[in-house]
Asks: 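The structure under discussion is supplied below as structure tokens; questions concerning it will follow.
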Amino acid sequence: RQVRKKTRQLNRRDAALMENEKKFRSIFENLQDVYFNTTVEGKIKTISPSIQALSGYTPEELSGRNVTRAYQDPSRRDAMLLSLEKDGQVRDYEIQLKKKGGQPYWVSINADLYAGPDGAPAGITGTIRDITERKKAQAQLQKKQERFSEMARLLPCAIVEADLDLNITYTNQTGLAMFGYSQQDLDSGINGRDVIHPDDLGLIESLVEQHMDGKSTPPTEFRMRTKDGDPMSVLLNSTGILNEGLTVGFRASLMDLSE
């Protein structure tokens, strides 16, 4: 009787282990990200089937091979290893790999360095996520920013951005030259109240309030002052800067009417 009881217990345990293994295998085989386990030297011990959709390699083609063959620049793995040795982990580590056909693509790696029984580093386990589209979007945004900066530099009028407290966060070179300020002055901090004529400050504050209410404002003529205190009449065209539907500042063009 005791033997039968023990056998049933073992059978239940084995069935539970098999069920857990099936669940793990299902999760492993359906991962969208790529799971990997390598030696410290880079020999691939385990890699999930999702690697094929990402790189064109099957797990069988990579198993037992050195991971450096998948790097666009193998020296970048050395840099990642230094981070792993220092911190024991890396998070959202961006690196460029190459597909089976040689095409480069960008990934983000989360990895942990684990130790063996003797306490020495034994391997690396982690996940790989394709971020190629994210990198393309970042590159496109960078191009747009460069295009905006170039256009702003060429405009004959001042382009200014400020927050709701009238702290100037950006102006083009024309704006700096128009008011006699340097880039160093801008970096140190310039508030609009320093360049707006005191008698017209209320007018500008009312425009800011209208932008905060989501209203558009007409072209407005008002007086400003240069860094040296010289008066200047300008024509203002402005619009609110929105972040998630909320006005967080405003963007404006200023045309000098004094000449």
Side-chain angles (χ1 to χ4, degrees), residues 10-147 243-244:
L10 290 173
N11 287 339
R12 284 196 296 268
R13 187 192 66 180
D14 290 344
L17 287 173
M18 289 179 65
E19 184 63 25
N20 287 336
E21 184 179 348
K22 285 167 66 175
K23 289 179 180 178
F24 172 78
R25 178 58 57 182
S26 176
I27 294 171
F28 181 74
E29 291 178 349
N30 289 283
L31 280 174
Q32 295 298 308
D33 292 343
V34 175
Y35 169 84
F36 68 88
N37 187 343
T38 73
T39 64
V40 175
E41 294 75 25
K43 182 180 179 181
I44 299 172
K45 298 166 67 176
T46 307
I47 196 158
S48 62
S50 47
I51 189 62
Q52 187 167 2
L54 184 62
S55 70
Y57 288 105
T58 66
E60 293 75 21
E61 288 175 309
L62 292 175
S63 183
R65 302 292 185 90
N66 196 288
V67 71
T68 52
R69 68 181 296 179
Y71 280 75
Q72 182 70 8
D73 178 5
S75 67
R76 292 284 290 128
R77 183 175 185 272
D78 296 335
M80 187 178 74
L81 278 176
L82 288 175
S83 296
L84 279 168
E85 290 170 359
K86 177 184 176 184
D87 302 320
Q89 65 178 22
V90 294
R91 294 291 180 264
D92 198 20
Y93 193 94
E94 295 184 0
I95 204 164
Q96 204 169 28
L97 304 181
K98 60 182 177 182
K99 295 180 181 289
K100 186 175 181 178
Q103 307 94 321
Y105 65 102
W106 283 96
V107 300
S108 168
I109 296 178
N110 289 331
D112 293 277
L113 186 67
Y114 65 88
D118 60 355
I124 301 165
T125 186
T127 58
I128 299 170
R129 174 168 294 182
D130 185 1
I131 59 167
T132 302
E133 293 305 314
R134 184 172 91 185
K135 296 295 286 188
K136 286 180 180 178
Q138 289 174 346
Q140 290 172 354
L141 178 61
Q142 179 66 26
K143 286 182 180 179
K144 288 181 180 179
Q145 290 173 336
E146 291 173 355
R147 189 180 301 119
N243 183 12
E244 297 182 352

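Along the sequence shown, residues are numbered consecutively beginning with 1.
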Asks: Applying side chain to side chain contact (heavy atoms under 4.5 Å, CB included) to K45 and T39, what does each step give before you reach the verdict?
Replies: CA-CA 7 Å; K45 298 166 67 176; T39 64; 3.8 Å; yes
Asks: Please identify which of these residues, I95, D92, I128, meets the side-chain contact (heavy atoms from CB on, under 4.5 Å) condition with S108.
Replies: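 With S108 as partner, side-chain contact (heavy atoms from CB on, under 4.5 Å) holds for just one option, D92.
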Asks: Counting N and O atoms only, with roles assigned by atom type, does the side chain of R76 sit under 3.5 Å from a partner on the main chain of E94, one being a donor and the other an acceptor?
Replies: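 Yes; judged by distance alone, with no hydrogens or angles, the pair exists.
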Asks: May I have the step-by-step check of side chain to side chain contact (heavy atoms under 4.5 Å, CB included) for D87 and L113, ending in yes or no?
Replies: CA-CA 9 Å; D87 302 320; L113 186 67; over 6 Å; no
Asks: For a quick check under 3.5 Å, do E146 and Q142 share a side-chain donor-acceptor pair by atom type?
Replies: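 The answer is yes; a qualifying pair exists.
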Asks: Looking only at heavy atoms, which two atoms of K100 and G56 are closest? And how far apart?
Replies: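 It is CD-O, 3.5 Å.
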Asks: Atom CZ of residue position R129 - does it have more than 12 heavy atoms of other residues, nucleotides or ligands inside 6.0 Å?
Replies: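 Open: at most 12 neighbouring heavy atoms sit under 6.0 Å from CZ of R129.
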Asks: Without swapping roles, check the side chain of N66 against the backbone of E41 for a donor-acceptor pair under 3.5 Å.
Replies: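 Judged by distance alone, yes, a pair lies under 3.5 Å.
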Asks: Is any side-chain heavy atom of T46 closer than 4.5 Å to one of Y35?
Replies: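 They are in side-chain contact.
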Asks: Which atom pair, heavy atoms only, marks the closest approach of K98 to R69?
Replies: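 K98 and R69 have their closest heavy atoms at CE-O, 3.0 Å.
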Asks: When rounded to the nearest 0.5 angstrom, what is the spacing between OH in Y93 and CD1 in I109?
Replies: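 The CD1 atom of I109 is 8.5 Å from OH of Y93, to the nearest 0.5 Å.
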Asks: Tell me which one of T125, T127, D33, V90 satisfies side-chain contact (heavy atoms from CB on, under 4.5 Å) with N110.
Replies: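 Testing N110 for a side-chain contact (heavy atoms from CB on, under 4.5 Å) against T125, T127, D33, V90 leaves exactly one candidate, T127.
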Asks: Can D78 and Y71 be counted as having a side-chain donor-acceptor contact under 3.5 angstrom?
Replies: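 Note: D78 and Y71 side chains miss the donor-acceptor criterion.
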Asks: From R77 CZ over to L84 CG, what is the distance, rounded to the nearest 0.5 angstrom?
Replies: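 Atom-to-atom, R77:CZ and L84:CG are 8.5 Å apart.
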Asks: What are the two closest heavy atoms between Y114 and I124, and how far apart are they?
Replies: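 Y114 and I124 have their closest heavy atoms at CE2-N, 3.5 Å.
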Asks: Is there a side-chain contact between L54 and Y105, using heavy atoms and a 4.5 Å cut-off?
Replies: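 Yes, side chains in contact.
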Asks: Would you say K43 has more than 12 foreign heavy atoms packed within less than 6.0 Å of its NZ?
Replies: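 No, because the 6.0 Å sphere around NZ of K43 holds 12 heavy atoms or fewer from other groups.
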Asks: Any ion pair linking D112 and R91 (charged N to carboxylate O, less than 4.0 Å)?
Replies: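 The answer is yes: the pair qualifies as a salt bridge.
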Asks: How long is the straight-line distance from CD of E60 back to CZ of R65, given to the nearest 0.5 Å?
Replies: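 Here the rounded value is 12.0 Å.
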Asks: Hey, which of N37, L62, T38, T58 is the one that makes side-chain contact (heavy atoms from CB on, under 4.5 Å) with I47?
Replies: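 The residue from N37, L62, T38, T58 that satisfies side-chain contact (heavy atoms from CB on, under 4.5 Å) with I47 turns out to be L62.
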Asks: Give me the atom names and distance for the closest heavy-atom approach of A115 to G119.
Replies: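 Between these two residues, the closest heavy atoms are CB-O, 3.6 Å.
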Asks: Quick one: does any side-chain atom of S63 pair with a main-chain N or O of P59 as donor and acceptor, under 3.5 Å?
Replies: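 No, the answer is negative, given that no donor and acceptor are paired below the 3.5 Å cut-off.
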